[in-house]
Amino acid sequence: MSSREPMALIRSIIRNRVNGLTVVGSAHGIDIDLLCGANAVSASQESYVGFEQDFGMAQNYRRGCESGEIEIQDNCCYTLVQQLRASIQGLPFMPIQSVRGTDFKKNHPSYKTIQSPYSGEDILVVPPLTPDVAIIHAQYADVHGNLRIEGPPVVDLLFAQASRTVLATVEKIVANEELKRLGGANIPYFYVSYIAEAPMGAHPTACYPFYAYDREHTELYMSAAKEGSTAFQKKYLKDFVYECESHEEYLHRIGGEDTRVRLSSWKESTDAWMELYKEST
Amino acid sequence: MGKNCTLGELLIDQLARTVEDDTLVFHGFGSPLVQIALHVAKRVYTPNLVLVAGATYGVNPDPPFIAPTTNDWVHDRNSECHLSIGELFDLSASGRLGRMFLSGLQIDRWGNTNVTQLGRKTLKLKLPGGGGACNLSCNAKNITLWTAAHRSEPVKGKRRYRIVSQCDYVTGFGHKNADGITRRQLGYLGNGPQCLVTDLGVFDFDQDGHLQLNALYPHTTVDDVLENTEFEPRMKKEVKTVSLPSLEVLSIIRKLDPLRIHEKELLPGDRSLTLEEPNNAAIC
């Protein structure tokens, strides 16, 4: 949602005019909404796309779903976890102790009910999920591609293990010795296909300890998104994606060093941290 | 004694009182009322609660303040240890999640919730999605439902009810679905929802699993509930009025949430509401 989303990668995907994507994940926000705003998504298997109570609905995502451009295949967190586990373990399916009775089976014909060979009771099974590509932003990598995620990894570890290709950006590439000193890798290099150093690569989401969530930029994003898809193209995508030929140009457009300093001020004190989330009114 | 509080603070206290001690409890994301309620519960009512924070999966965190997004590191401050996402859901699947809190843009008479879409046959509005609600609704041992938007002002003469007769889409399973299938028939470990805390009152579910009004607030009436509910909820024999939170609870809430993030969940007109202790209040 507001933390460690691979935003630089997503902007690059959009600039390269990639489209027709099926996106899958657990709880997301601006990352998926930006892809939807750029018409890059044709199906969504996310469990949540939104801006929580702060900014509410993800407008580009909602519009895409409601126009029929994006096929709605909402999943739930545990179903996703079990599908990734099936893939990681080389299993043809994974049982799951829930879902039956809800409406999720309706948009997932691949979910089947079978009888337990032991108790005879009904149980739902879900197929393996092997994404073509996983995109991840981490704090650190070493030159070999070992990744170190600090803070909650959420589903990133499972995605890295299950996907055919793993693309990662990181705040900093360091030597392996330094990575070990920092606490070591949590995604081994052989899962990782490509890495690139992209400081502030999660902006406007947070990548602690480097920088906090940029609520101010997110507010600007939301006001453009609320105006409709054409306004969003003109007022956001053009300035912050299409016209930014490089990640450096993006960093310049969001305010350069001043923005970096503002967002890293969270560590100075609780008051400084809270200041970042005060509403501008 | 002149004690007064806001509606948000009252809801937090009511949510906190639904938690049992010595259980593992999880709050999801985008639910600051519940998030704060669990901190209140842990500090006042149920000290042995195992509090697992939504989105960060930190255990027993002690955040310095509440931020506008749930997975901010500030909410992970001083956590004792962490679970992985798989581990939390595994605990629930095996019946070891004591209580979960669920909400929806629609909540129906049987406690089903909808966070997926409005419109039954044709999509009218795509909602953000339920996260893990589908899974947790089935096997969390106990469930508290809540919404801060029970009051539904008519728009162009038409109300979009929050508490509805039947959900357009069942994201989270209640006591039974529209086909009449019950959780017992499905063999689920969880007991389903026991209570619903709204901006108008506190409800429970009767023996049939049907919503029933249990208590009101100092500023709400049975008529408010009837007017803002799509169907007629059943009524407890005696509908009480809840008591306001204690000064201790109020002080914890105010210290933990100086940015008043929890008020974002309330309807705009409810944010400035101040409630006063009525006479003969009963603890609910």
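By convention in this document, chain letters (A, B, ...) are assigned in the order of the sequence lines, proteins followed by strands, and residues within each chain are numbered from 1.
Listed by first and then second residue, the salt bridge (Lys or Arg N to Asp or Glu O under 4.0 Å) pairs involving residues 116-131 of chain B are Asp74(A)-Lys126(B), Arg120(B)-Asp168(B) (not counting sequence neighbours).
Using a 30° and 60° split on the angle between ring planes, Phe29(B) and Tyr48(A) fall in the perpendicular class, above 60°.
Applying a 4.5 Å heavy-atom cutoff, the residues of residues 85-93 of chain B that approach chain A are Ile85(B), Gly86(B), Glu87(B), Phe89(B), Asp90(B), Ala93(B). Identified by a heavy-atom distance below 4.5 Å to chain A, the contributing residues of residues 138-146 of chain B are Cys138(B), Asn139(B), in residue-number order. Chain A is approached within less than 4.5 Å, heavy atom to heavy atom, by Asn177(B), Leu186(B), Tyr188(B) from residues 174-192 of chain B, ordered by number.
Taking CD of Gln117(B) as the start and CD1 of Ile72(A) as the end, the distance is 5.5 Å to the nearest 0.5 Å. Taking OH from Tyr277(A) and CD1 from Ile66(B), the interatomic distance works out to 12.0 Å, rounded to the nearest 0.5 Å. One distance of note links CH2 of Trp273(A) with CZ of Arg77(B); it measures 4.0 Å at 0.5 Å rounding.
Residue Thr171(B) touches chain A through both its backbone and its side chain, counting heavy-atom pairs closer than 4.5 Å. Neither the backbone nor the side chain of Ile123(A) comes within contact range of chain B; no heavy atoms are under 4.5 Å apart. Neither the backbone nor the side chain of Ala133(B) has a heavy atom closer than 4.5 Å to any heavy atom of chain A.
If you tally non-hydrogen atom pairs under 4.5 Å between each of Phe65(B), Trp73(B), Tyr57(B) and chain A, the highest count goes to Trp73(B). Comparing Thr116(B), Asp76(B), Val74(B) by how many heavy-atom pairs each has under 4.5 Å with chain A, the most go to Val74(B).
Salt bridge absent: Glu279(A) and Arg260(B) never bring a charged side-chain N and a carboxylate O closer than 4.0 Å.
A side-chain N or O of Tyr169(B) and one of Asn107(A) form a donor-acceptor pair less than 3.5 Å apart.
With Ser3(A) as the fixed residue, the side-chain contact (heavy atoms from CB on, under 4.5 Å) test singles out one of Asn71(B), Thr70(B), Thr69(B): Asn71(B).
Residue-environment remark: CD (Gln139(A)) exceeds the threshold of 12 foreign heavy atoms within 6.0 Å. No more than 12 heavy atoms of other residues, nucleotides or ligands lie within 6.0 Å of CZ in Arg160(B), so this atom counts as exposed by the packing criterion.
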